[in-house]
Amino acid sequence: MKYNLFSYLALALLMALAGTATCHAEKNLLPAIDVATADYHVVPLPDSISMQRGRGFLLDGSCVVTTDMSDSDMQRNARFLCDYLRDDIGVSVRVSPSSVKGKTIVLRLNKKIPHPEGYRLSVDGKGVVVEGQTARGVFYGIQTIRKSLIAADGQQPTTFLLPAVVIEDAPRFAYRGMHLDVARHFFGVDFVKQYIDMMALHNMNTFHWHLTDDQGWRIEIKRYPRLAEQGSVRPYTTLGRNSAIDDETPYGGCFTQEQARDIVRYAAERFITVIPEIDMPGHMLGALKAYPELGCTGGPYEVEGHWGVFDDILCAGREETFRFVEGVMEEIMDIFPSEYIHIGGDEAPRTRWEQCPRCQKRIADEHLVGDADMKAEARLQGYFTKRVERFINSRGRKLIGWDELLESDVDESATIMSWRGLEGGLVASEKGHDVIMTPTSHCYFNFYLVEPHEWGEPFAFDAVIPMEKTYSLDPAPPTLSLQARSHILGAQGNMWTEYAQFPSQVEYQVLPRMGALAEVVWTQPGRKDYRQWVERERTLTLLYKKRGWSFAPHIFRK
């Protein structure tokens with residue numbers, strides 16, 4: 001390491017301005033040290049950032065992370081922080097018991113923190129303290145530390161200055177979700193874990209995993225082995241937007257139950273819950289290919305190579321259908337410990353039910369009478385959903401479905417995921433349903449970000465959602481009654497993969513939009529500012545680049 005007077009004077013001035021009295025050099029032999037300063041204005045923006053007078057904290061390789069080593073979650077948090085500092089900024093620190101002396105970053109639980117996912121981050125010349133009511137809250141404090149150091153890393157420093165501060169932070173919504181469809185195009189274990197890492201960076205806590213659809217069944221069910229053997233493979237994939245030609249190439253992929261359990265464990269370590277979606281009664285051609293006796297006509301059926309909505313759905317008049325659904329759900333709930341189980345319920349044409357003698361008999365037997373508001377077949381879907389919900393409830397779980405469930409006489413206990421705009425969710429919340437907002441108008445990340453001809457965009461769904469639109473979302477607008485607002489659990493970004501064949505395409509579609517949504521669901525509305533967010537997000541892209549993640553650059557080119 002070289003020595004020069006200029007470097008010494010520069011460091012002395014910086015430390016004086018920051019109130020820092022710490023240095024690792026001998027009195028008469030001070031090395032040249034490049035020091036970079038952390039910036040706490042991260043994405044999502046914390047609730048309160050109170051800069052303090054006095055000394056800041058110099059972070060370098062001599063620092064130690066301490067925590068209660070008897071708490072496995074806190075011990076893992078400490079390891080994560082060490083890994084982040086090493087991988088993101090090149091500073092190697094170690095974990096030690098909480099009794100260690102010296103320069104420390106302390107991670108600890110504090111039951112006085114008011115929010116279960118909230119944290120307090122305190123920095124002074126003695127050290128850094130991250131406190132949370134739970135280990136989950138501490139984890140989000142760790143994310144703020146790592147993101148505050150990203151811009152500083154661009155200077156290639158050897159030491160980092162964390163200015164004295166007290167940050168008090170907590171999320172606005174309890175449900176902060178991202179969705180990934182692996183049915184249309186399959187993405188393996190490594191990428192799903194990467195997707196979870198992307199979510200953790202943005203303080204997201206729920207991964208909605210869309211596992212089945214007309215184009216492929218993607219999860220092993222031991223009781224029904226043909227789902228993986230036959231239902232997971234389609235004979236071809238259409239070219240473009242349902243063109244008249246296809247690639248003439250079989251396409252498949254399926255997760256074993258052990259792989260799924262591994263992903264659930266990986267997510268849980270990052271305080272992310274995995275909610276599986278097994279779509280029913282529609283979008284079931286993968287299952288009908290494997291077990292044609294579950295359909296109204298008996299088949300034959302084929303796993304679909306085109307995109308869209310198809311008439312063949314599960315037969316609600318057959319008892320075998322319900323035995324199948326319950327058998328599948330038994331194994332799904334054994335793999336996924338989530339409170340919620342998603343059953344889809346969307347885009348289920350009732351054409352076959354209208355013509356099926358078994359379904360018509362079920363309608364008569366259950367006294368499902370149509371009227372001006374709802375046809376009998378719609379009430380049959382309500383019967384189907386309620387019966388599945390009772391089974392899920394009997395195992396201590398709750399049902400989520402898309403907003404079409406509101407058109408089928410569903411019970412108030414069902415949670416509604418509102419995708420066809422905000423209106424369905426607003427109506428559902430007023431009726432007493434819990435609601436997750438994921439409207440196509442704001443949250444469909446498979447849509448273009450700009451007009452495709454402007455930048456030569458990769459092929460995507462034929463609609464445009466500008467970044468400002470996503471950022472402007474208010475899942476619980478003040479026009480709702482207080483009672484209805486209490487039913488808005490949060491919001492979610494959806495990534496459907498009809499036109500996303502490769503991991504880099506998924507990354508490009510969801511980043512930096514995930515950063516915009518993160519601020520929607522975490523930051524209080526009064527602290528949001530789109531232009532300021534763009535600059536903070538620009539800094540976060542430095543970490544995207546370091547991790548090798550693709551992202552859409554449009555908002556930074558204006």
Side-chain angles (χ1 to χ4, degrees), residues 42-44 76-77 79-89 139-140 142-143 146-147 150 153 176-211 216 218-219 253-256 258-277 335-336 338 443 445-446 449 458 460 492-518 521 537 539-553:
V42 300
V43 175
R76 188 171 57 249
N77 274 342
R79 291 199 305 271
F80 276 138
L81 178 55
C82 292
D83 291 345
Y84 293 146
L85 295 178
R86 182 194 66 230
D87 297 341
D88 296 344
I89 63 172
F139 182 76
Y140 296 129
I142 289 170
Q143 297 304 321
R146 72 183 290 211
K147 286 179 280 195
I150 298 169
D153 179 47
R176 305 181 301 281
M178 283 297 301
H179 155 285
L180 180 64
D181 165 28
V182 295
R184 275 54 177 267
H185 282 99
F186 182 77
F187 299 89
V189 171
D190 289 346
F191 181 71
V192 173
K193 287 182 176 180
Q194 178 193 312
Y195 199 79
I196 289 167
D197 286 334
M198 292 160 59
M199 292 175 57
L201 176 67
H202 294 84
N203 295 17
M204 297 296 191
N205 67 359
T206 307
F207 174 42
H208 174 180
W209 200 8
H210 184 80
L211 287 164
R218 307 291 180 214
I219 182 72
C254 193
F255 293 94
T256 67
E258 187 48 47
Q259 286 175 323
R261 293 181 200 279
D262 180 42
I263 287 168
V264 168
R265 285 192 296 267
Y266 189 88
E269 289 174 353
R270 290 148 182 83
F271 302 98
I272 291 172
T273 298
V274 183
I275 295 179
E277 180 181 353
I335 299 167
F336 297 93
S338 56
C443 296
F445 294 169
N446 54 308
L449 183 61
Q492 173 177 288
N494 287 351
M495 183 60 213
W496 302 98
T497 61
E498 287 94 334
Y499 307 126
Q501 301 180 50
F502 309 106
S504 59
Q505 287 178 277
V506 174
E507 295 163 4
Y508 186 90
Q509 292 296 132
V510 303
L511 299 176
R513 286 194 265 207
M514 197 188 298
L517 185 64
V521 291
E537 182 64 35
T539 299
L540 188 55
T541 64
L542 298 176
L543 187 50
Y544 299 168
K545 293 176 183 177
K546 184 177 285 287
R547 295 283 175 166
W549 300 342
S550 301
F551 64 92

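- For the pair F502 and H185, the minimum side-chain heavy-atom distance is 4.5 Å or more.
- Side-chain N or O atoms of R184 include none that pairs as donor or acceptor with a backbone N or O of W496 at under 3.5 Å.
- Ring planes of F80 and Y84: parallel class, angle under 30° (limits at 30 and 60°).
- To the nearest 0.5 Å, atom CH2 of residue W549 and atom CE of residue M514 are 8.0 Å apart.
- Between R86 and D83 a salt bridge is recorded (basic side-chain N to carboxylate O distance below 4.0 Å).
- L211 places a side-chain heavy atom less than 4.5 Å from the side chain of V182.
- Remark: I196 CD1 to M178 CE distance equals 12.0 Å, nearest 0.5 Å.
- When all heavy atoms of M198 and V510 are compared, the closest pair comes out as CE-CG2, 3.6 Å.
- The aromatic ring centres of H202 and Y544 sit less than 6.0 Å apart.
- L542 CG to D88 CG: the interatomic distance, rounded to the nearest 0.5 Å, is 11.0 Å.
- The distance from the CD1 atom of I150 to the CG atom of L201 is 6.5 Å, given to the nearest 0.5 Å.
- Distance alone, capped at 3.5 Å, is enough to place a donor-acceptor pair between the D181 side chain and the T497 backbone.
- By the 4.5 Å heavy-atom criterion applied to side chains, Y266 and D197 are counted as neighbours.
- A donor-acceptor contact shorter than 3.5 Å is absent between the side chain of K147 and the backbone of L540.
- Smallest separation of non-hydrogen atoms from F255 and V189: CE2-N, 3.9 Å.
- Smallest separation of non-hydrogen atoms from P512 and A552: CD-O, 3.2 Å.
- The main-chain N or O of N203 is never found under 3.5 Å from a side-chain atom of Q143 such that the two would form a donor-acceptor pair.
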- Before giving the answer on side chain to side chain contact (heavy atoms under 4.5 Å, CB included), spell out for D262 and Q259 the whole-Å C-alpha distance, their side-chain angles and the decisive distance to 0.1 Å. CA-CA 5 Å; D262 180 42; Q259 286 175 323; 5.5 Å; no
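- Within the 3.5 Å criterion, the main-chain N or O of G253 finds a donor-acceptor partner in the side chain of R218.
- We find the CZ-CG distance between F445 and L511 to be 9.5 Å, quoted to the nearest 0.5 Å.
- R146 places no side-chain N or O within donor-acceptor distance of the main-chain N or O of I142, the cut-off being under 3.5 Å.
- Judged by distance alone, the side chain of Y195 and the main-chain N or O of E507 form no donor-acceptor pair under 3.5 Å.
- When all heavy atoms of C443 and L517 are compared, the pair lying nearest together is SG-CD1, 4.2 Å.
- The line from CG of N446 to CZ of R513 is 8.0 Å long, rounded to the nearest 0.5 Å.
- In this structure, H179 and H208 have perpendicular ring planes: the angle between them is above 60°, well past the 30° mark.
- The minimum heavy-atom distance linking N77 with F139 is given by the pair OD1-CD1, 3.4 Å.
- In plain terms, the two heavy atoms of I219 and C254 that are nearest each other are N-SG, 3.5 Å.
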